[in-house]
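A short write-up of the structure that comes next.
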Amino acid sequence: MMELEEKKQRLELRLRELGSVIVAYSGGVDSAYLAYVAHQVLGEQMLAIIADSASLPRSHYRDAVGFAEEQSIPLRTVETDELEREEYAVNKADRCFHCKDELFTVLETERQRLGFAAVAYGLNVDDKKDFRPGQRAATEHAVAAPLADAGLTKVDIRELAQSAGLRVWDKPASACLSSRIEYGRRVTPEALRMVEDAEEALRGLGLRHFRVRHHGNIARIEIAEHELAAALSPETFRLMGKAVRAAGFHYAAVDCDGYRSGSMNEILPVEMLAKATEKAS
């Protein structure tokens, strides 16, 4: 516990060093905790900005805005146009780079316009081990990573958020909707809507830790192991199939390996993953 408190103090010190900061805010536990601490430390010298686009589920947007209001965190919404970038829409393995490049370009413009000293995002230590091309965009735009600088892992952040009484402490990971679309399949507003509608319907059936992966006419449903047993019934299968067909898919398939973050990366060549990790480090 002492080590965790020391990490928290390092985070607060890092934020003070930045002086004033715009936090790239999504409402996930990492960016929410970063925005919360930044507001505690810097007061009005911080601003959370959430980027709104077709790749952000409406339910996630509403929840993110609600959390900021609960904690009196200054919040602004800006629109990003990553879908207008052909490099993003074609959906190659570096799609996330082009998304974050768009985001940080917009936030840098806001930083200069509003007179803040830095832009920060919610990278944690564990993220550095994963295939995340967006980290390269953050490096190129000189975006600060206070959580990672303080040595905080995902588990650390959840524990600190829980200790602070933040309701998001156990919030499931919430990557953008584009991450559900298989590489090589074009990202379109219609494809994003199909995924969003299907996931909202499955959430209505009681699922919490899951993903709907877009494979054309097929929706591949990943369900976390601890929820899988309850879902394995003919009636639930029937309702899941009905839900994804209503969203525009023809077929529903349940993944035998269950939910795992970044499963679309499993088909990428090892050399590509190694190269991307090297660029991000």
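We're numbering straight along the sequence, starting at 1. The basis for the numbers below is simple: all heavy atoms, side chains too, and nothing from hydrogens, waters or symmetry mates.
- In this structure, Val41 is not a member of the same hydrophobic cluster as Leu47, with clusters built from ILVMFWY side-chain heavy atoms closer than 4.5 Å.
- The heavy-atom pair separating Ala48 from Ile73 by the smallest distance is CB-CG2, 4.0 Å.
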*Test log, rule side-chain hydrogen bond (donor to acceptor under 3.5 Å, both in side chains), inputs Thr80 and Glu82*: CA-CA 6 Å; Thr80 52; Glu82 60 268 21; 2.8 Å; yes
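- No side-chain heavy atom of Glu199 sits less than 4.5 Å from a side-chain heavy atom of Ile221.
- Within the 4.5 Å cutoff, the side chain of Arg85 has no heavy atoms near those of the Asp81 side chain.
- By the 4.5 Å heavy-atom criterion applied to side chains, Ile49 and Val106 are not counted as neighbours.
- Counting heavy atoms from C-beta outward, Ile22 and Met46 have side chains that stay 4.5 Å or more apart.
- By the neighbour-count criterion of 12 heavy atoms within 6.0 Å, atom CZ of Phe237 is densely surrounded, having more than that number from other residues, nucleotides or ligands.
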_Working note: Asp255 + Arg213, criterion salt bridge (Lys or Arg N to Asp or Glu O under 4.0 Å); need CA distance, chi angles, decisive distance, verdict._
CA-CA 10 Å; Asp255 193 315; Arg213 308 292 188 185; over 6 Å; no
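- Within the structure, ring-ring contact (aromatic ring centres under 6.0 Å, His included) contacts touching residues 187-212 (residues at least two apart or in different chains) are His209-His226.
- Side-chain contact check for Gln71 versus Leu166: some heavy-atom pair is nearer than 4.5 Å.
- Here Arg58 pairs with Asp52 in a salt bridge; the nearest charged N to carboxylate O distance falls below 4.0 Å.
- Checking side-chain atoms of Asp170 against main-chain N and O of Arg158 turns up no donor-acceptor pair under 3.5 Å.
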*Quick one: do Lys7 and Asp156 satisfy salt bridge (Lys or Arg N to Asp or Glu O under 4.0 Å)? Show the steps, please.*
CA-CA 9 Å; Lys7 290 182 180 180; Asp156 291 336; 2.7 Å; yes
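- Looking only at distances, no side-chain donor or acceptor of His141 sits under 3.5 Å from a matching main-chain atom of Val143.
- Here Arg76 pairs with nothing under the side chain to side chain donor-acceptor pair (under 3.5 Å) rule; sequence neighbours left out.
- Sorted by first then second residue, the side-chain hydrogen bond (donor to acceptor under 3.5 Å, both in side chains) pairs that include residues 60-70, not counting sequence neighbours, are Tyr61-Thr77, Asp63-Arg167, Asp63-Lys171, Glu70-Arg167.
- A distance of 4.5 Å separates NE2 of His250 from CG of Asn217, quoted to the nearest 0.5 Å.
- In terms of heavy atoms, Ile223 sits closest to Leu228 at CB-CD1, 3.8 Å.
- Judged purely by atom type and a 3.5 angstrom limit, Glu79 has no side-chain atom pairing as donor or acceptor with the backbone of Ala51.
- Across all non-hydrogen atoms, the minimal contact from Ala93 to Tyr183 is CA-CE2, 3.6 Å.
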Per-pair distances, 0.1 Å, donor-acceptor, side chain in residues 27-39, under 3.5 Å, sequence neighbours excluded:
from, atom 1, to, atom 2, distance (Å)
Asp30, OD1, Lys154, NZ, 3.4
Asp30, OD2, Asn124, ND2, 3.1
Asp30, OD2, Lys154, NZ, 2.7
Ser31, OG, Ser26, N, 3.0
Ser31, OG, Ser26, OG, 3.2
Ser31, OG, Gly27, N, 3.3
His39, NE2, Ser72, O, 3.4

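- The side-chain tip of Arg111 does not point at the ring of Phe116 from less than 6.0 angstrom away and within 45° of straight on.
- Residues Glu159 and Leu4 form a side-chain contact, since some pair of their non-hydrogen atoms from C-beta on lies under 4.5 Å apart.
- No salt bridge links Arg193 with Glu196; every basic N to acidic carboxylate O contact stays at or beyond 4.0 Å.
- Residues Tyr25 and Ala64 come closest through the heavy atom pair OH-O, 2.6 Å.
- Under the 4.5 Å side-chain criterion, counting only non-hydrogen atoms from C-beta, Arg203 is not in contact with Arg208.
- To the nearest 0.5 Å, the span separating CZ on Arg220 from CD on Glu182 amounts to 8.5 Å.
- What you find for Lys100 and Ala137 is that their closest heavy atoms are CB-CB, 3.7 Å.
- When ring centroids are compared, His215 and Phe249 stay outside the 6.0 Å threshold.
- Identified under the side-chain hydrogen bond (donor to acceptor under 3.5 Å, both in side chains) test for residues 237-246, with sequence neighbours left out: Glu235-Arg238.
- Linking ILVMFWY side-chain heavy atoms closer than 4.5 Å, directly or via other members, places Leu13 and Val125 in two distinct hydrophobic clusters.
- Grouping the Ile, Leu, Val, Met, Phe, Trp and Tyr side chains by contacts below 4.5 angstrom, directly or via other members, places Leu15 apart from Leu123.
- The minimum heavy-atom distance linking Val90 with Glu87 is given by the pair CG2-O, 3.5 Å.
- When hydrophobic clusters are built by joining Ile, Leu, Val, Met, Phe, Trp and Tyr residues whose side-chain heavy atoms come closer than 4.5 Å, directly or via intermediates, Leu103 is grouped together with Val119.
- Residues Asp101 and Tyr88 form no side-chain contact, since every pair of their non-hydrogen atoms from C-beta on lies 4.5 Å or further apart.
- The line from CG of Leu147 to CG of Asp126 is 11.5 Å long, rounded to the nearest 0.5 Å.
- Glu108 CD to Gln112 CD: the interatomic distance, rounded to the nearest 0.5 Å, is 4.5 Å.
- With hydrogens and angles ignored, the 3.5 Å screen pairs no side-chain donor or acceptor of Arg180 with any backbone N or O of Ala191.
- Note on Val23: it clusters hydrophobically with Leu160, by side-chain heavy-atom contacts below 4.5 Å among ILVMFWY residues.
- The environment of CD in Glu86 is crowded: more than 12 heavy-atom neighbours from other residues, nucleotides or ligands sit within 6.0 Å.
- Within 6.0 Å of atom CD in Glu225, 12 or fewer heavy atoms from other residues, nucleotides or ligands are found, so the atom counts as exposed in its surroundings.
- By the side chain to side chain donor-acceptor pair (under 3.5 Å) test, Glu12 is found to be paired with Lys8, residues two or more places apart in sequence or in another chain being considered.
- A distance-only check finds no donor-acceptor pair linking the side chain of Arg186 to the backbone of Gly184 [under 3.5 Å].
- Separation of atoms CZ (Phe104) and OG1 (Thr109) is listed at 13.0 Å; rounding is to 0.5 Å.
- Side-chain atoms of Thr236 do not come within 3.5 Å of backbone N or O of Leu232 as any donor-acceptor pair.
- In this structure, the separation between OG on Ser179 and CG on Asn91 is 10.0 Å, given to the nearest 0.5 Å.
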